[in-house]
Novice: 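Sharing a structure, written as C-alpha cells. Questions coming.
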Amino acid sequence: MSAPNKPRLRFAPSPTGQLHIGGARTALFNWAFARRTGGAFVLRVEDTDPTRSKKEYEHAILDGLTRMGIDWDEGPDVGGEYGPYRQTERFDGYLGVAAALFQAGYAYRCFCPSERLEALREAQMAAKENPRYDGCCKALTKEEAQAKISAGEEPVLRFDVPEGETRFTDLIRGEVTFQNAEVDDWIMVRADATPTYNFVVVCDDSDMQITHVLRGEEHLTNTPKQVLLFEALGLDAPIYGHLPLMLGTDGKKLSKRTGDTALIDYLDKGYPPEAILNFLCLQGWALDGEHDLFGVDELIANFEPTDVSKGGSIFDPEKFLWMAGEYVRRDTPERLAERCTPFLVAAGLATLEQLDARKDWLVRAVAAHQERFRLYSELPDWIGYLFADDAGLVWDPKAEKGARKHAAAPETLAAFATWLAARGAAGEALEGADLAEATKAWVAERGLKIPGLFQPLRCALTGAPGGADLFEIIGLLGLDATLARIADAAARLGVPAAS
RNA sequence: GGCCCCUUCGUCUAGUCAGGCCUAGGACACCAGGUUUUCAUCCUGGCGACAGGGGUUCGAAUCCCCUAGGGGUCACCA
C-alpha cells in the first residue's frame with residue numbers, strides 16, 4: 001500500500017466534543033504535508049476515555065473534516081492495513097505491550113490509592129514543591145506486590161522514568177530538552193486495566209508507522225514521556241512538530257469565552273468552507289507574506305512544517321469575516337445560490353421546493369447582492385424584501401426618513417408608476433441598464449433630481465436604506481409587484497409618519 | 001511556583017536558518033479622499049512594529065547573553 005520512505009501523518013482527535021477549530025487546523029496541516037509529499041494521512045480516534053467519548057462526536061468530527069474537503073487514506077470508517085483505527089478496539093495490543101514493558105523492568109506497579117496521591121499532591125503544593133509521584137511503590141518487592149494483589153488491590157502501571165535528559169528535534173521549535181527528573185512516573189495503565197493516552201499514542205504511532213506528528217503545542221510536555229517510551233520499546237520516535245496555539249482575543253488558548261471554537265459553528269453561520277480553510281492556513285503559516293487569499297492547492301504545493309511560526313496567533317474574527325466576503329464575491333452566482341439556499345429556507349423566506357421552482361430567478365437575486373454579504377447566513381436579510389407581501393412592507397426607519405426628505409415623493413412615485421406601466425405595455429425593457437437609462441432620462445425631463453425618485457423608490461420596493469441596483473430589483477420583483485409596492489408607498493408617504 | 005515554549009504594526013504575517021537588497025513588505029481593522037442612485041464593492045492615500053538592555057561585527061530585525069512580558073503544562077483527561 002504505502003511505499004517505504006513516504007511520510008505517514010495522522011490526525012488523532014478524541015471524540016469528546018465537536019471538532020475544534022484548532023483541531024481543524026492541526027488536521028489541515030497534517031493533511032497538507034501528507035498530500036504534498038505523497039505520504040499517507042491517517043485518521044485515528046482516541047476514545048480511551050469511556051466517560052467522555054461519544055460516538056456522535058466521532059461522527060461529527062469525521063463529518064466536519066469531510067465538509068472541509070479533508071480526506072484520509074486510513075481511518076475508522078475506511079479501514080486500512082494498520083487498523084483498527086479506534087483505540088478502544090486496540091486494547092488487547094496495548095495490554096500486551098504493557099506486560100512486556102513491565103517484564104522488562106521499564107514499568108512498575110503502583111498500589112497507591114487516589115486519596116494518597118491527592119494528599120501527596122496537596123502537601124507538595126503547600127510546600128511549594130512540584131506535584132509528582134514520590135515513587136513510593138517502586139521499592140515494593142515482587143512478593144509484596146503479589147500479596148496486595150491477592151488481597152484484592154488493583155494496581156496501576158507506572159512508567160519508570162530513567163535518569164538523564166530527553167531531547168528531540170522539533171520541526172518547528174528546533175532542539176527541545178527536558179530533564180528526566182522533571183518528568184513524572186506517569187501512569188500507563190489504570191487500575192481498571194485501561195491504558196492511558198500517553199501510552200496508547202506511542203503504541204499506535206509505532207504500530208501505524210507514523211513518521212511525523214504535527215500537533216498542538218499543549219502536547220509539548222507530553223513529548224518527553226512519549227519519546228522515553230519509544231526508547232524503552234527500542235523504537236525510533238517519529239519526528240514531532242508542535243504547532244503554535246490559536247489564541248482568543250484575550251491572548252489565551254481559544255475558548256468559548258471569546259467566540260466560537262467549533263468548526264461546525266462557523267459552517268452553521270455560513271462561512272464558506274474555502275474561506276475557513278484559507279483563514280486557518282494563516283494561523284501560523286503564510287504562503288509568501290504577500291498573498292493572503294489562496295486555496296488548498298497552493299497550501300499543498302507549498303506547505304512545509306518548518307515554515308510554521310513559533311508564536312501563538314490571536315484569532316481575528318474581523319479578518320475572518322473579510323475573508324468570508326472575499327470568497328462569497330469570487331464564487332459563481334449559481335453555486336452561491338445553491339449554498340445559500342439552506343439558509344434562506346432556515347430563515348423562513350421560502351420552502352426548498354419554492355426556491356427550486358425558480359432557480360434562475362434565485363441565481364439572479366443572489367448575483368444582484370453578491371458583493372454585499374459575507375456569510376451565507378447574511379443573504380436572507382439582504383433579499384428578504386423579495387419574498388415579502390407587496391402591501392405593508394416593513395420599512396427601515398432610515399429608508400423611510402430618506403424617502404420623506406422628498407416632499408413630492410408620492411406624486412413622483414405615482415407618475416413613475418404610470419410611466420413604467422406604459423413602458424411595460426409598450427414591451428420595452430423593464431430591468432437592467434436599459435431601464436436605468438430610460439429612468440434617468442425620465443427624471444431629467446421632469447426636472448427632478450435623481451435622489452428625488454430613487455430614494456422613495458428604494459424605500460417603496462425594498463424598505464431598506466441600501467441594497468442592490470434598483471433596476472435589478474425591479475427586474476427581480478416583476479412589474480406587478482413593483483407597481484403594487486409603489487402604490488402602497490405613495491399612499492403611505494402621502495400621510496405624515498406615524499411616529 | 002517548577003519546567004518547557006514563545007516575543008516584528010492593534011491583529012494575521014514576510015524578512016531571521018545562509019548579517020548588508022529593510023529609510024522593515026503585504027493583509028485585516030482604522031482614518032481621509034475618489035467612483036456609485038443607496039448600501040456594498042472597487043480605487044488612491046494615510047496611520048502603524050523589529051519588547052528592553054548589553055555584546056559580536058565595518059554593518060544586526062537577523063548571531064550571542066541578560067532582563068522583562070506572554071503562553072503552555074504540571075490528572076488513574078486527551
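Proteins get letters first, then strands, A, B, ... in listed order; numbering begins at 1 in each.
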Novice: Taking C-beta and beyond as the side chain, do A:Trp442 and A:Leu453 meet within less than 4.5 Å on heavy atoms?
Specialist: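 Yes; the side chains approach each other to less than 4.5 Å.
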Novice: Do A:Arg492 and A:Trp395 form a cation-pi contact, if we require the NZ or CZ to be under 6.0 Å from the six-membered ring centre and within 45 degrees of the ring's axis?
Specialist: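 Yes - A:Arg492 lies over the ring of A:Trp395, closer than 6.0 Å to its centre and within 45° of its axis.
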Novice: Could A:Arg158 and A:Tyr133 be counted as a cation-pi pair, given that NZ or CZ must be under 6.0 Å from the ring centre and within 45° of the axis?
Specialist: yes
Novice: Between A:Trp72 and A:Phe11, is the ring centre distance below 6.0 Å?
Specialist: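 No, the ring of A:Trp72 stays outside the 6.0 Å limit from the ring of A:Phe11, centre to centre.
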Novice: Which one is paired to B:U35, where only Watson-Crick or G-U wobble pairs with both distances under 3.5 angstrom count?
Specialist: none
Novice: Can you confirm if the aromatic rings of A:Tyr266 and A:Phe320 lie within a centre distance of less than 6.0 Å?
Specialist: yes
Novice: Nearest heavy atom decides the nucleotide; on that basis, is A:Gln455 or A:Val176 closer to the 5' end of RNA chain B?
Specialist: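 In this pair, the answer is A:Val176.
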Novice: Among B:C76, B:U7, B:A78, which nucleotide sits nearest the side chain of A:Val156?
Specialist: B:C76
Novice: Protein within reach of the bases, or only the backbone? For nucleotides 20-32 of chain B, mark each nucleotide 5' to 3' as B, S or -, using heavy atoms under 4.0 Å.
Specialist: -----BBBBS---
Novice: Whole-Å distance between B:G70 P and A:Glu218 CD?
Specialist: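 Distance check: A:Glu218 CD to B:G70 P gives 21 Å.
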Novice: Using a cut-off of 4.0 Å on non-hydrogen atoms, how would the nucleic acid contact of A:Gly284 be classed: base, sugar-phosphate, or nothing?
Specialist: sugar-phosphate
Novice: Choosing from B:G72, B:U38, B:C5, which nucleotide comes nearest the side chain of A:Arg458?
Specialist: B:U38
Novice: From CD of A:Glu304 over to C1' of B:A14, roughly how many Å is that when rounded to an integer?
Specialist: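 Rounded to whole Å, this separation is 17 Å.
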Novice: Applying a 3.5 Å limit to both distances, which nucleotide forms a Watson-Crick or G-U wobble pair with B:C9?
Specialist: none
Novice: Quick one: on RNA chain B, does A:Pro131 or A:Thr48 contact a more 5' nucleotide (nearest heavy atom)?
Specialist: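 Upstream on the strand: A:Pro131.
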Novice: Any strand is fair game: report the nucleotide pairing with B:U23 by Watson-Crick or G-U wobble, both distances under 3.5 Å, or none.
Specialist: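 Base-paired to nothing in any strand shown.
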Novice: Using atom CH2 of A:Trp395 as one end and atom P of B:C39 as the other, report the distance to the nearest whole Å.
Specialist: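 So the CH2-P distance, A:Trp395 to B:C39, works out to 19 Å.
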Novice: Please state the P separation for the pair B:A51 and B:U16 - nearest whole angstrom.
Specialist: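 Taking atom P in both B:A51 and B:U16, they lie 16 Å apart.
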Novice: Using whole Å, what does the distance between atom P of nucleotide B:A78 and atom NZ of A:Lys54 come to?
Specialist: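 Rounding to the nearest Å, NZ of A:Lys54 and P of B:A78 are 14 Å apart.
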Novice: With salt bridge (Lys or Arg N to Asp or Glu O under 4.0 Å) as the criterion, how do A:Lys225 and A:Asp184 come out once you've worked through the C-alpha distance, each side chain's angles and the decisive distance to 0.1 Å?
Specialist: CA-CA 8 Å; A:Lys225 295 177 182 174; A:Asp184 206 2; over 6 Å; no
Novice: Between A:Leu280 (CG) and B:U13 (C1'), how many Å, whole number?
Specialist: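 Rounding to the nearest Å, CG of A:Leu280 and C1' of B:U13 are 15 Å apart.
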Novice: Distance between the C1' atoms of B:U36 and B:U41, in whole angstroms?
Specialist: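 The answer is 10 Å between these two C1' atoms.
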Novice: Considering only the P atoms, how many Å lie between B:G71 and B:A29, rounded to the nearest integer?
Specialist: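 B:G71 and B:A29 have their P atoms separated by 27 Å.
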Novice: Please state the C1' separation for the pair B:G25 and B:C63 - nearest whole angstrom.
Specialist: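 Comparing C1' positions in B:G25 and B:C63 gives a spacing of 23 Å.
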Novice: For A:Val176 and A:Arg173, what are the C-alpha separation, side-chain angles and deciding distance, and is it a side chain to side chain contact (heavy atoms under 4.5 Å, CB included)?
Specialist: CA-CA 7 Å; A:Val176 180; A:Arg173 278 145 227 287; 4.3 Å; yes
Novice: Ignoring the backbone of A:Gln283, work out which of B:C12, B:U73, B:G2 is nearest its side chain.
Specialist: B:C12
Novice: Pick the C1' atom in B:G34 and in B:C17, then give their distance to the nearest Å.
Specialist: 45 Å
Novice: Please confirm whether A:Tyr197 and A:His219 have ring centers closer than 6.0 angstrom.
Specialist: yes
Novice: Expressed in whole Å, how much space separates the P atoms belonging to B:G52 and B:G69?
Specialist: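 It works out to 15 Å between them.
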Novice: Do A:Phe159 and A:Phe102 have ring centres separated by under 6.0 Å?
Specialist: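 No, too far apart.
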Novice: Tell me the partner of B:A60, counting only Watson-Crick (N1-N3 plus N6-O4 or O6-N4) or G-U wobble (N1-O2 and O6-N3) with both under 3.5 Å; none if nothing fits.
Specialist: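 Across all strands, not a single nucleotide pairs with B:A60.
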Novice: If you check the A:Phe178 side chain, which of B:C4, B:U11, B:A14 turns out closest?
Specialist: B:C4
Novice: Which nucleotide, B:C42, B:G1, B:U73, lies nearest any side-chain atom of A:Arg329?
Specialist: B:C42
Novice: For the pair made of OH in A:Tyr197 and P in B:C74, what is the distance, rounded to whole Å?
Specialist: 11 Å
Novice: Say whether A:Asn198 and A:Thr196, considering side chains only, have a donor N or O and an acceptor N or O under 3.5 Å apart.
Specialist: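 No donor-acceptor contact under 3.5 Å links the two side chains.
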Novice: Quickly work out the A:Leu254 CG to B:U11 C1' distance and round it to whole Å.
Specialist: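 The distance from CG of A:Leu254 to C1' of B:U11 comes to 14 Å, rounded to the nearest Å.
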Novice: Does any nucleotide pair with B:C30 by Watson-Crick or G-U wobble geometry, both distances under 3.5 Å, and what is it?
Specialist: B:G46
Novice: Do any side-chain nitrogens or oxygens of A:Ser313 fall under 4.0 Å of OP1 or OP2 in B:U13?
Specialist: yes
Novice: If we take the C1' atom in both B:A60 and B:G19, what is their distance in whole Å?
Specialist: 6 Å
Novice: For B:G1, give the paired nucleotide (Watson-Crick: N1-N3 plus N6-O4 or O6-N4; G-U: N1-O2 and O6-N3; both under 3.5 Å), or none.
Specialist: B:C74
Novice: State which of B:C6, B:C76, B:G1 makes the closest approach to the side chain of A:Arg173.
Specialist: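 Nucleotide nearest to A:Arg173's side chain: B:C6.
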Novice: Does the B:C39 base have a donor-acceptor partner in the side chain of A:Arg372 within less than 3.5 Å?
Specialist: yes
Novice: If you measure from the P atom in B:A14 to the same atom in B:U62, how many Å do you get, rounded?
Specialist: 16 Å
Novice: Rounded to the nearest Å, what distance is computed from the CZ atom of residue A:Arg132 to the P atom of nucleotide B:C4?
Specialist: 14 Å
